[in-house]
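Just so it is clear, the model here is predicted, and its values are computed rather than measured.
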Amino acid sequence: QVQLVESGGGLMQAGGSLRLSCAASGLTLTNYAMGWFRQAPGKEREFAAAISWSGGRTSYLDSVNGRFTISRDNAKNTIYLQMNSLKPEDTAVYYCARGPKYGSTSDVATAKGMNYWGKGTLVTVSS
């Protein structure tokens, strides 16, 4: 079965940390740009973080830059999102998605060619 499965979400107090994982099965992440998106209650889904196909470049939403780190492990067919210094406004369902082959972070940030999506994991940050 072709799928992306997110995990690692949960309830955390403001200032805490969480690490999200996105594991792929039935499809490869190697050589594909990848991204994390999020959707807060009552809001549209937005881009959060991207990593290029090589892993050499990353890009972030301004409000998470410096607090979140995206990474990838091609051997495990998995990407990660390390979230530090969490704020209540980070509360959202977080989705991972696969972008274009040999794609850039710009492709991901504009949701260009994002052809596979996970079902999401809920992150709730209390004040």
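Taking 4.5 Å as the limit, every side-chain heavy atom of Ser104 sits out of range of all side-chain heavy atoms of Ser52. Residues Ser25 and Gln1 fail the side-chain proximity criterion, which asks for heavy atoms closer than 4.5 Å. With contacts defined as side-chain heavy-atom distances shorter than 4.5 Å, the pair Thr28/Asn77 qualifies. The shortest side-chain heavy-atom distance between Glu46 and Arg38 falls under the 4.5 Å cut-off.
Considering NZ of Lys87 and OG of Ser127, their distance stands at 13.5 Å, rounded to 0.5 Å. Rounding to the nearest 0.5 Å places OG1 of Thr69 at 7.0 Å from CD of Gln82.
Residues that satisfy the side chain to side chain donor-acceptor pair (under 3.5 Å) test with Arg67, not counting sequence neighbours, are Asp90.
Taking every heavy atom of both residues into account, Ser21 and Thr78 meet most closely at CB-CG2, 4.4 Å. The shortest heavy-atom contact between Phe47 and Ser59 is CZ-O, 3.5 Å. Shown here for Val108 and Ala33, the closest heavy-atom pair between the two residues is CG2-CB, 3.6 Å.
Residues Ser17 and Asn84 have side chains that bring a donor and an acceptor to within less than 3.5 angstrom of each other.
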(request) Could you walk me through whether Tyr32 and Trp53 pass the ring pair (Phe, Tyr, Trp, His ring centres under 6.0 Å) test, one step at a time? (result) CA-CA 4 Å; Tyr32 286 85; Trp53 70 272; 10.0 Å; no
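One finds no salt bridge joining Glu6 and Lys119 here, because no Lys/Arg side-chain nitrogen approaches an Asp/Glu carboxylate oxygen to under 4.0 Å.
Using a 4.5 Å cut-off between side-chain heavy atoms of Ile, Leu, Val, Met, Phe, Trp and Tyr, Tyr116 falls into a hydrophobic cluster with Val2, Leu4, Met12, Leu18, Leu20, Leu27, Leu29, Met34, Trp36, Ile51, Tyr60, Leu61, Val64, Phe68, Ile70, Ile79, Leu81, Met83, Leu86, Tyr94, Val123, Val125.
Between the Arg45 side chain and the Tyr95 main chain, no donor and acceptor come within less than 3.5 Å of each other. Using modelled atom types, no side-chain atom of Thr124 and backbone atom of Leu11 make a donor-acceptor pair closer than 3.5 Å.
Under the disulfide bond (SG atoms under 2.5 Å apart) criterion, the residue pairs touching residues 2-82 are Cys22-Cys96, with sequence neighbours excluded.
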